[in-house]
Amino acid sequence: MSLTSFFKFVEIQTKLASIIPFILGTLFSLYRYKSFIVKNFIIMGISLLAFDMATTAINNYIDYKKALNNDNCKSKNRIVKYGIKESTAIAIIFTLLLIAIFFGVLLTLNTNLVVLLIGIISFLAGILYTYGPIPISRMPLGEIFSGLFMGFIILFLSCYIHIFDKNIISIIYNNNILNISINLVEVLYIFLISIPTISCIANIMLANNICDLKEDIINNRYTLPYFLGKKTSFNLFRTLYYIAYLDIIILVILKITPFVTLLVILTIIPISKNINSFYQNPVKSKTFILSIKNFALMSITNIILLLLAFVFNGKNEG
């Protein structure tokens with residue numbers, strides 16, 4: 001199997017959805033807490049990327065198995081399309097999962113039990129998303145799960161691995177007593193930071209499901225657009241972006257992020273144009289990519305502005 005076929009199988013182009021929250025969480029740790037641990041950053045990055053690729057591979061494999069009796073759906077599956085042997089696909093899935101688990105355990109050893117618990121929950125959610133009697137991806141919950149786990153949990157964890165010793169969340173077991181303490185304000189701040197990524201990632205899933213609605217019904221996938229209808233789904237698609245912009249304003253008002261991040265609001269001009277283009281022609285091969293471009297545009301702009309604020313503050317302090 002060629003490297004190109006492997007990248008197509010794991011849909012490497014979609015990994016932006018996990019890498020961006022990872023970077024944003026890291027930058028927030030730098031900006032707010034002035035903390036960055038290189039080895040934890042590298043270890044989590046490897047584990048995160050491996051697990052994201054594994055879940056995508058599992059999803060494509062499950063689709064392949066379910067499409068075996070449908071020649072039309074079968075021909076569109078990545079395993080068939082790129083000539084990947086079934087045994088090779090399975091080997092890739094298990095290899096990626098083992099890499100993700102190994103580095104996840106290593107990250108836990110470098111931090112604490114909170115990371116382990118969040119990792120286990122994320123691992124189970126990722127597997128259940130694509131596998132099981134009724135995978136989450138085949139239900140009207142895909143947008144919620146992908147938005148929360150990729151948009152918030154990844155961002156939170158990528159921040160927490162640098163500040164695990166600051167008692168934002170701590171779990172202590174001593175003399176048969178389990179004590180859990182949570183700094184609700186700081187956790188809320190991290191959640192507010194993640195709302196734009198939650199909204200944009202949910203919209204990537206929503207756009208995908210809108211485009212695939214007819215094919216999904218054939219494959220017994222009853223996703224959110226099936227229940228909402230296309231018109232309501234489009235309205236939700238648009239609203240989630242506006243929620244993200246409102247959140248950016250709130251973050252500045254609360255002084256959680258620097259004033260300069262308000263410039264992210266300027267991206268509403270090209271993003272609104274993309275929303276309208278998608279609304280007029282929701283086709284997987286033509287306009288679905290706009291949801292990914294919107295996510296990249298809003299998030300990368302935010303990343304650049306947050307990084308500039310951190311560097312500028314550092315120079316002032318120096």
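Environment of NZ in K284: crowded, with over 12 heavy atoms of neighbouring residues, nucleotides or ligands closer than 6.0 Å. Environment of CZ in F94: sparse, with no more than 12 heavy atoms of neighbouring residues, nucleotides or ligands closer than 6.0 Å. Atom OH of Y226 has 12 or fewer neighbouring heavy atoms from other residues, nucleotides or ligands inside a 6.0 Å radius. The neighbour count for K15 NZ, taken as heavy atoms of other residues, nucleotides or ligands under 6.0 Å away, is above 12. Other residues, nucleotides and ligands contribute more than 12 heavy atoms inside 6.0 Å of the CZ atom of F36.
For T108 (side chain) and G104 (main-chain N/O), a donor-acceptor pair under 3.5 Å exists by modelled atom type. Side-chain atoms of T287 never come within 3.5 Å of backbone atoms of F278 as a donor-acceptor pair (strictly under, hydrogens ignored). In this structure, S199 contributes its side chain and P196 its backbone to no donor-acceptor pair below 3.5 Å. Between the S272 side chain and the I269 main chain, no donor and acceptor come within less than 3.5 Å of each other. Checking side-chain atoms of T261 against main-chain N and O of T257 turns up no donor-acceptor pair under 3.5 Å. Looking only at distances, a side-chain donor or acceptor of N183 sits under 3.5 Å from a matching main-chain atom of E186. Of the possible donor and acceptor atoms, one in the side chain of K34 sits under 3.5 Å from a partner among the backbone N and O of Y31. For the pair Y245 (side chain) and I268 (backbone), a donor-acceptor distance under 3.5 Å is present. At distances below 3.5 Å, at least one donor-acceptor pair connects side-chain atoms of S146 with backbone N or O atoms of E143. With Y160 contributing its side chain and I169 its backbone, the two residues share a donor-acceptor pair below 3.5 Å.
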Report task. Check the pair K166, S35 against side-chain hydrogen bond (donor to acceptor under 3.5 Å, both in side chains), reporting the backbone distance first and the verdict last. Result -> CA-CA 10 Å; K166 298 186 184 296; S35 182; 5.1 Å; no

Query raised in the report: Checking side-chain hydrogen bond (donor to acceptor under 3.5 Å, both in side chains) for the pair S170/S181: CA distance, chi angles, key distance, verdict?
Result: CA-CA 5 Å; S170 62; S181 64; 2.4 Å; yes

Report task. I would like to know whether E11 and N60 meet side-chain hydrogen bond (donor to acceptor under 3.5 Å, both in side chains); could you show each step before the answer? Result -> CA-CA 9 Å; E11 298 180 35; N60 283 326; 3.1 Å; yes

Requested in this report: Please step through side-chain hydrogen bond (donor to acceptor under 3.5 Å, both in side chains) for the pair S5 and S2, ending with a clear verdict.
Outcome: CA-CA 5 Å; S5 295; S2 67; 3.0 Å; yes

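Rounded to the nearest 0.5 angstrom, Y241 OH and M298 CE are separated by 7.0 Å. Note that CZ of F191 is 11.0 Å distant from CG of L155, once rounded to the nearest 0.5 Å. In this structure, CD1 on I84 lies 6.0 Å from CD1 on I92, to the nearest 0.5 angstrom. Here the CD1-CG distance, from I23 to N302, works out to 12.0 Å after rounding to the nearest 0.5 Å. Rounding to the nearest 0.5 Å gives a distance of 7.0 Å between CG of L107 and CE of M44. Atom SG of C200 sits about 8.5 Å away from atom CG of L240, to the nearest 0.5 Å.
Residue P282 comes nearest to F234 through the heavy atom pair CG-CZ, 3.6 Å, listed as atom of the first residue, atom of the second, then distance.
Separation of the F41 and F22 ring centroids falls under the 6.0 Å cut-off. Residues Y61 and F9 place their aromatic rings such that the two centres sit no closer than 6.0 Å.
No option in L116, L117, N112 other than N112 meets the side chain to side chain contact (heavy atoms under 4.5 Å, CB included) test with V114.
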